[in-house]
Protein chains: 2
Amino acid sequence: MKPTIRDVAKLAGVSISTVSRVMNAPDSVVESKRVKVLQAIERLQYQPNAFARGLIYKKSHTLGVLIPDIRNPYYAGVIRGMEDAAKSLGYSIIICNTDRDKERLISYLENCNEKQVDGILFTSETVYPDYYAEIRRFRLPVVLVSTHSLEYELPSVKINDEAAAYDAVSYLIGLGHRRIGMISLPLSDPIAGLPRYQGYMRALREHGLPHEGGQVIYAEHWYDEARSAAGRLFGQHPQTTAVFAASDEFAMGVLSFLHERGIRVPDEVSVVGFDNIRMSEMTIPQLTTMAQPVYELGYKGVEKLHRLIEHGSVTPLREYLPHSLIVRSSAAPGKGTQ
Amino acid sequence: MKPTIRDVAKLAGVSISTVSRVMNAPDSVVESKRVKVLQAIERLQYQPNAFARGLIYKKSHTLGVLIPDIRNPYYAGVIRGMEDAAKSLGYSIIICNTDRDKERLISYLENCNEKQVDGILFTSETVYPDYYAEIRRFRLPVVLVSTHSLEYELPSVKINDEAAAYDAVSYLIGLGHRRIGMISLPLSDPIAGLPRYQGYMRALREHGLPHEGGQVIYAEHWYDEARSAAGRLFGQHPQTTAVFAASDEFAMGVLSFLHERGIRVPDEVSVVGFDNIRMSEMTIPQLTTMAQPVYELGYKGVEKLHRLIEHGSVTPLREYLPHSLIVRSSAAPGKGTQ
DNA sequence: CTGAAAGCGCTAACAG
DNA sequence: CTGTTAGCGCTTTCAG
């Protein structure tokens, strides 16, 4: 069996309270005994039992991360940031892949609650009323990462998606492009869908480009879907000279479609992605993309959650990290307008 | 405060043991009381405290995953398999990114031990003597995933890397290629390095190709390094018509180099990767690659660990899952030898 | 400065 | 079938 505090006490010839003290308030124990205890601890390779401590402190030093799917490189980057922050603050992280499935998510929430996690990092998902209800029910400290909620008073950290999309499209316009298509996520997605679409539309509008609905084609998350969406885009709008993709994965689908059609990037068509996942510098040509501070999002999310746990509240409630355009080789000046 | 078993007992008008019983052996309680208790539980939204249970059962239903870096898509895939298996077996998973750093890894090991994890999934790393010492010291059940150990009696699940590399290279040879280069990981890597190199060499040898050392260039894990390695390969061996890359990321580096040089794939040079990460079907051209059953590796790893925890031992100790070649578009028959 | 004792929330004998 | 009681391993008063 693993050694307990009693074993240490016996070996050191002191009471268990003394052992406890050398671990929690070493100064309150005379040196002679302290040394004895420390030696006993070393000899027995004693480690205090986290259950017993948890029972008293009501803290597990564990955080639950709810995230759609760790295989998505964007999420993996966020988690890495979380994990580093967690380590430096003394937390461990439990991963829960939700697949954006309601039941799955709620079952994880219950699970986390039962495991006595100190808080939850709710990542990249919409906060539906029933989720919020559960959160309240369990009185769990929650921080939203890469998502936010306008209805509920939940702390969050994300970028400003609308502004980022606006900047990406403005860049393309600045390059001289007039006919800019977009491969968008469904507008029902309140984070990566609607705001990025709105940013795109605002850029067209403010720069005086025709924008009756824009040249927007919708796709659902995956590469394949973006590829066929690109087909539809160029089918409907053959004169398109630039494409703004709502994610790097979408941009890769566009690149693939264009390559297949023998359309040269960026000579004939420019492409700008979104996220700056690592893969985006491995494409041919390398992708120009709107970068999210992926790692920081996760890192700050944990720091924020930590503050929330410690103080019961945080300011600012909703935090927006800066985005930045990474200029690589997939976008070039538009032809005939220079 | 969260409700305790005592609150439930009071509300239901029974003793705490009865409450405990309806949770652990419902049949041993008369219906009338059981219903009362169940109602009380529902009303109070009672959930048993995992610390208290853990203290008694000495089980946390939590598994620790030590893995180099979750951002690597290969590892992310493995973890996803682990997580699904864990969920279905009632475990949670704690992620520990080691960065292949000794101190970091050992600190996580201690951490996991203190948190009373029920077992460890040691993934894609060499088991050095000091790691093994810690494992023994903590008497932690461990399963190696995507790695194994011939020195120590540790259960493991991985593919047969030597055979997989052999098959990949044989495929290229079958396609008529005679001058096949390899971008290898350092041979000091006993999992993805040496065995894949050996498989490559054996294929050359058994098929009667010149193999005085082979045409091997070494690189360290990353895309960039593989790209420059490809430069060296073609510098030293200009007549190379096919490249076997020790990972898909390496293969992407090769693809990038070749594209930059205007060398067409697969018309002039064929490329075969290793792993079959999702991204490999998003390259241009799509990558032909030796697939590892990534998800299954993780899934089976957890199942194995579960058995180890339950029974104290498992057979077979070292398990090897099948690999399979995924033929896509980056490899074609070699010119002039058909 | 130190030990005895109470108790965190739950389970598991042990009587009844 | 059910309640009482003794811990699980640790921290924390409270005396001394």
Side-chain angles (χ1 to χ4, degrees), chain A residues 1-38 40-41 44-62 90 110-111 113-118 138-139, chain B residues 1-41 44-62 90 110 113-118 138-139:
Chain A
M1 244 12 274
K2 291 191 178 169
T4 76
I5 197 172
R6 237 170 279 282
D7 301 316
V8 177
K10 201 175 301 168
L11 186 67
V14 299
S15 77
I16 61 169
S17 355
T18 300
V19 177
S20 177
R21 282 190 194 99
V22 333
M23 307 204 74
N24 302 303
D27 297 335
S28 68
V29 177
V30 280
E31 170 128 15
S32 61
K33 299 206 175 185
R34 196 185 349 172
V35 173
K36 273 195 156 81
V37 170
L38 255 12
I41 287 177
L44 261 33
Q45 295 287 346
Y46 168 74
Q47 274 196 316
N49 181 316
F51 292 138
R53 292 185 106 127
L55 205 44
I56 293 163
Y57 293 132
K58 288 157 187 6
K59 285 237 177 307
S60 61
H61 295 284
T62 301
E110 293 188 331
N111 205 256
N113 183 247
E114 190 170 337
K115 285 250 165 89
Q116 313 287 131
V117 300
D118 297 339
F138 297 140
R139 299 183 199 77
Chain B
M1 244 11 276
K2 289 190 177 170
T4 75
I5 197 171
R6 239 169 278 282
D7 301 317
V8 177
K10 202 176 301 171
L11 186 68
V14 299
S15 76
I16 60 168
S17 8
T18 300
V19 177
S20 178
R21 282 189 195 99
V22 332
M23 308 203 73
N24 302 303
D27 297 335
S28 66
V29 177
V30 280
E31 170 127 16
S32 63
K33 299 206 173 186
R34 194 184 352 172
V35 172
K36 273 195 156 82
V37 170
L38 256 12
Q39 285 173 343
I41 287 177
L44 260 34
Q45 294 287 345
Y46 168 74
Q47 274 195 315
N49 181 314
F51 293 138
R53 292 184 107 128
L55 207 44
I56 294 162
Y57 292 133
K58 289 157 186 7
K59 284 239 177 308
S60 60
H61 295 285
T62 301
E110 293 187 331
N113 184 246
E114 189 170 339
K115 285 251 164 86
Q116 312 289 129
V117 300
D118 297 339
F138 297 139
R139 298 183 200 76

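Bear in mind the structure is a predicted one, so any value in this text is a computation, not a measurement.
Across every non-hydrogen atom of Ala12(A) and Ala40(A), the tightest pair is CB-CB, 4.0 Å.
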Starting from the C-alpha separation in whole Å, work towards a yes-or-no answer on side chain to side chain contact (heavy atoms under 4.5 Å, CB included) for Lys2(B) and Asn113(A).
-> CA-CA 11 Å; Lys2(B) 289 190 177 170; Asn113(A) 183 247; 3.2 Å; yes
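Bending across the helix from dC1(C)-dG16(D) to dG16(C)-dC1(D), expressed as the angle between its end axes from five pairs apiece, amounts to 50° (10° rounding).
Listed by chain and number, the residues in a side chain to side chain donor-acceptor pair (under 3.5 Å) with Asp118(A) are Ser60(A) (sequence neighbours excluded). Partners of Glu110(A) under the side chain to side chain donor-acceptor pair (under 3.5 Å) rule, at least two apart in sequence or in another chain, are Arg137(A). Shown here are the side chain to side chain donor-acceptor pair (under 3.5 Å) partners of Ser28(B), two or more places apart in sequence or in another chain: there are none. Applying the salt bridge (charged side-chain N to carboxylate O under 4.0 Å, His left out) rule to Glu114(B) yields no partners; only residues at least two apart in sequence or on another chain are considered. Shown here are the side chain to side chain contact (heavy atoms under 4.5 Å, CB included) partners of Asn111(A), two or more places apart in sequence or in another chain: Lys115(A), Ser92(B). For Asp7(A), the side chain to side chain contact (heavy atoms under 4.5 Å, CB included) partners at least two apart in sequence or on another chain are Pro3(A), Thr4(A), Leu44(A).
For DNA chain C, the outermost nucleotides in 5' to 3' order that have an atom under 4.0 Å from a heavy atom of chain B are dG9(C) to dA13(C).
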Sequence neighbours excluded and cut-off under 3.5 Å, please list the side-chain donor-acceptor pairs for residues 46-57 of chain B, or say none.
residue	atom	partner	partner atom	Å
Asn49(B)	OD1	Phe51(B)	N	2.5
Asn49(B)	OD1	Ala52(B)	N	3.3
Arg53(B)	NH2	Asn24(B)	OD1	3.3

Side chains of residues 30-38 of chain A: which donor-acceptor pairs under 3.5 Å do they make with residues two or more places apart or in other chains?
none

Go along nucleotides 8-16 of chain D 5' to 3' and tag each nucleotide: B for a protein heavy atom under 4.0 Å from its base, S when only backbone or sugar atoms are that close, - otherwise.
-> BBBBBB---
